[in-house]
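Ligands are counted one by one from 1 in listed order, and the atoms in each one are counted from 1 as well. What you are looking at is a predicted structure, and each value in this text was computed from that prediction instead of being measured.
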Amino acid sequence: MSEPLSDFGVIGLAVMGQNLARNVASRDHKTSVYNRTTDKMTELIAEHGSETLVGQETLEDFVHSLAVPRKVMIMVKAGKPVDYVIADLLPLLDEGDIIIDGGNSLFTDTVRREKELSEKGFYFFGCGVSGGEEGALHGPSLMPGGSEKVWNWLQPILESISADDFSGGKCVTHVGADGAGHYVKMVHNGIEYAIMQMIAESYQIMKDGFGMNAGEIADVFETYNKGKLASYLFGISVPILSKEDPEGDGFLIEKVMDKAGQKGTGRWTAIESYQRGGELSTIAQAVNARVSSSEKEKRIEYSKLYTPPVSSHEKLDKDRFVQQLEEALYVAILVSYAQGFDLLEKAAEEQNWNLNFSEIARIWQGGCIIQAKILGTLQDAFLEDSEKPLLQIESIQQSVSAGWADLREVNKIGIDVGVPLYCIGAALT
Ligand SMILES: NC(=O)c1ccc[n+]([C@@H]2O[C@H](COP(=O)([O-])OP(=O)(O)OC[C@H]3O[C@@H](n4cnc5c(N)ncnc54)[C@H](OP(=O)(O)O)[C@@H]3O)[C@@H](O)[C@H]2O)c1
């Protein structure tokens, strides 16, 4: 008797593809995998192969191992490689087969690919995947965009592999047509940039302004993580900051070079907002901060030329500041989300996407990098009023008004002690 065909196929077996394929296979959907460099496939199958996870050495065998209509997820490097893989695949596929791009593709590429493929009789789905390698394996947040008809076919598989939201639902929804899923994923990454930068600024102001060491700052973040700032990003900051240097004194974080890079999705989000005439200052400032961080040599030269006057922190009340910072961060993060959703609103209008903001806040509640308690508040706010911009919804307006004075105070202290607050400052502005 011949082997049963696979329900799903994954092309591209770097960290994301491997883990996503293992996730699908573990939900009883037989999954075929293929990678340009065969070694990666054989290593994956040697370690994790099973009745439901099978590897193929050639693209032809991979395609023939799939049940029709074939569902092929591409998890390769974003950009040209996606076009190359599609070009290799098409002659082997049949009309009606489905290609899903799960990488961080630029949404305009997704719109183009969807149009080109639908004209040829194929279905194309652009699916944002968030959660890094852990999320991909145990349950990511998925942001799929494409036709309603294909969503109905893919829904059982995508729901089975995605994370849980706060109410036991799944962190996946049909975001909208063509590039909508990748667009929402891009804005998600932009918000992630801003929140990470705000965390970095909080660290810096506690360190430089109040002389706190990384262990003490970790304790503060641990407390924040039990309150309204509870989130994956604050959660992971605690072990990162408290890790001691195994080869010397002090904390490891203090030995890490302060030079950040970027892969591009934050920058795309900022460019998008400028092109659409929107304001996205918190995310744009996070991109600026990364650029400045990457120019370490230049910063060293400047620091020899300029020594800004800095006030002493000795008079400041540390405990009070830590409380003010929590309130300030809450408002600043709300502003960053508000700017992200404003951009989504503009894009939805111009691209003719019917985006549901409470659903978007819901599918970010689990699996993804920006998963946070605050997303429950945002989901409720959009359910309260789906027409108004976030900052005009009454419950949000009350929260922002309540923390505004603290946000201003934190910015004043930042200026006094000489710590640049790119994002926390942009949020106040
Ligand atoms: N890493 C993350 O945390 C993360 C999170 C969310 C989304 N993403 C997105 O998910 C996608 C996959 O990410 P990743 O980090 O797992 O992998 P990656 O490093 O972005 O890409 C490596 C994969 O792409 C393949 N590839 C590159 N050029 C190719 C070409 N011309 N033809 C065929 N295959 C090609 C590689 O095959 P070979 O092995 O043959 O070189 C390998 O399988 C990307 O779009 C990424 O932006 C990543």
Side-chain angles (χ1 to χ4, degrees), residues 9-24 31-46 48 55-60 62-63 72-92 99-110 113 124-145 158 161-163 171-172 175 179 181-193 196 232-233 236 260-269 363-364 366-371:
V10 177
I11 297 181
L13 300 175
V15 284
M16 291 299 284
Q18 284 204 14
N19 284 345
L20 209 79
R22 285 173 57 198
N23 185 351
V24 181
T31 305
S32 294
V33 293
Y34 168 82
N35 193 66
R36 178 182 63 173
T37 308
T38 307
D39 285 357
K40 274 192 198 152
M41 182 279 289
T42 46
E43 279 162 27
L44 172 68
I45 296 303
H48 299 287
Q56 305 295 340
E57 288 195 12
T58 68
L59 200 54
E60 288 77 4
F62 170 80
V63 168
V72 179
M73 188 160 207
I74 302 177
M75 289 303 290
V76 302
K77 209 173 189 57
K80 285 272 170 233
V82 177
D83 290 313
Y84 299 149
V85 171
I86 292 173
D88 289 345
L89 259 178
L90 285 192
L92 304 171
I99 297 178
I100 307 150
D101 174 15
N104 274 339
S105 291
L106 185 59
F107 87 100
T108 45
D109 284 337
T110 307
R113 289 172 186 140
F124 186 76
F125 235 64
C127 183
V129 178
S130 177
E133 50 189 291
E134 281 297 303
L137 182 60
H138 300 295
S141 167
L142 297 175
M143 292 150 254
L158 298 185
I161 62 167
S162 56
C171 288
V172 59
V175 173
H182 275 143
Y183 200 92
V184 168
K185 171 68 190 338
M186 177 192 74
V187 173
H188 160 288
N189 284 25
I191 295 168
E192 172 187 334
Y193 268 52
M196 284 171 67
Y232 173 76
L233 283 171
I236 60 168
Q262 52 174 316
K263 287 190 188 165
T265 41
R267 182 173 57 223
W268 291 347
T269 316
I363 64 171
W364 288 346
C368 68
I369 307 293
I370 60 173
Q371 60 181 280

A.B. asks: Taking distance alone, with no angle check, do K77 and ligand 1 share an N/O pair under 3.5 Å?
C.D. replies: yes
A.B. asks: Short question: side chain of K185, backbone of C127 - any donor-acceptor pair under 3.5 Å?
C.D. replies: no
A.B. asks: Within ligand 1, which atoms have a heavy atom of V85 less than 4.0 Å away?
C.D. replies: 33 (C)
A.B. asks: Looking only at heavy atoms, is any part of V129 under 4.0 Å from ligand 1, and if so is it the side chain, the backbone, or both, or is it neither?
C.D. replies: backbone
A.B. asks: For atom 41 (O) of ligand 1, what is the nearest protein heavy atom, given as residue, atom name and distance?
C.D. replies: R36 NH2, 2.9 Å
A.B. asks: Suppose I only count heavy atoms of Y84 and a 4.0 Å limit; which atoms of ligand 1 are within that range?
C.D. replies: 31 (N)
A.B. asks: Between L59 and Y34, is the side chain to side chain contact (heavy atoms under 4.5 Å, CB included) condition met? List the steps.
C.D. replies: CA-CA 7 Å; L59 200 54; Y34 168 82; 3.7 Å; yes
A.B. asks: Using 0.5 Å steps for rounding, measure from the CD1 atom of I45 to the NZ atom of K40.
C.D. replies: 14.5 Å
A.B. asks: Which residue holds the protein heavy atom closest to atom 13 (O) of ligand 1, what is that atom called, and what is the gap in Å?
C.D. replies: M16 CG, 3.7 Å
A.B. asks: In Å, rounded to the nearest 0.5 Å, how long is the span from NE2 of H188 to OG1 of T265?
C.D. replies: 9.5 Å
A.B. asks: Output side-chain donor-acceptor pairs under 3.5 Å for residues 77-84, partner residues at least two apart or in another chain, one line each.
C.D. replies:
| from | atom 1 | to | atom 2 | distance (Å) |
| --- | --- | --- | --- | --- |
| D83 | OD1 | R112 | NH1 | 3.4 |
| D83 | OD1 | R112 | NH2 | 3.4 |
| D83 | OD1 | R113 | NE | 2.9 |
| D83 | OD2 | R112 | NH2 | 3.1 |
| D83 | OD2 | R113 | NH2 | 3.2 |

A.B. asks: Which atoms from ligand 1 have a heavy atom of G12 less than 4.0 Å away?
C.D. replies: 43 (O)
A.B. asks: Are M73 and V129 close enough, and set up right, to give a side chain to side chain contact (heavy atoms under 4.5 Å, CB included), and what steps lead you there?
C.D. replies: CA-CA 11 Å; M73 188 160 207; V129 178; 4.1 Å; yes
A.B. asks: Among all protein heavy atoms in this structure, tell me which lies nearest to atom 12 (C) of ligand 1, with the distance rounded to 0.1 Å.
C.D. replies: M75 O, 3.6 Å
A.B. asks: Salt bridge (charged side-chain N to carboxylate O under 4.0 Å, His left out) with D88: which residues, sequence neighbours excluded?
C.D. replies: none
A.B. asks: Which residue and atom name correspond to the protein heavy atom nearest atom 39 (O) of ligand 1, and how close is it?
C.D. replies: K40 NZ, 2.6 Å
A.B. asks: Test of understanding: given a 4.0 Å heavy-atom threshold, classify the contact between N35 and ligand 1 as side chain, backbone, both, or neither.
C.D. replies: side chain
A.B. asks: Strictly distance-based, threshold 3.5 Å: is any side-chain N or O of Q18 a donor or acceptor partner for the main-chain N or O of L13?
C.D. replies: yes
A.B. asks: So which protein heavy atom does atom 45 (O) of ligand 1 come closest to, and at what separation?
C.D. replies: N104 N, 2.9 Å
A.B. asks: Write out the residue and atom name of the closest protein heavy atom to atom 15 (O) of ligand 1, then the distance separating them to 0.1 Å.
C.D. replies: V15 CG2, 3.8 Å
A.B. asks: In terms of atom number and element, which parts of ligand 1 are under 4.0 angstrom from non-hydrogen atoms of L13?
C.D. replies: 43 (O)
A.B. asks: Tell me the protein heavy atom at minimum distance from atom 3 (O) of ligand 1, and give that distance in Å.
C.D. replies: G132 CA, 3.6 Å
A.B. asks: Looking only at the side chains, is there a donor atom on one of S105 and D101 sitting less than 3.5 Å from an acceptor on the other?
C.D. replies: yes
A.B. asks: Return yes if some donor-acceptor pair links the side-chain N/O of H182 with the main-chain N/O of G103 below 3.5 Å, else return no.
C.D. replies: yes
A.B. asks: Can you tell me which residue and heavy atom of the protein come closest to atom 34 (N) of ligand 1, and the distance to 0.1 Å?
C.D. replies: V76 CG1, 3.8 Å
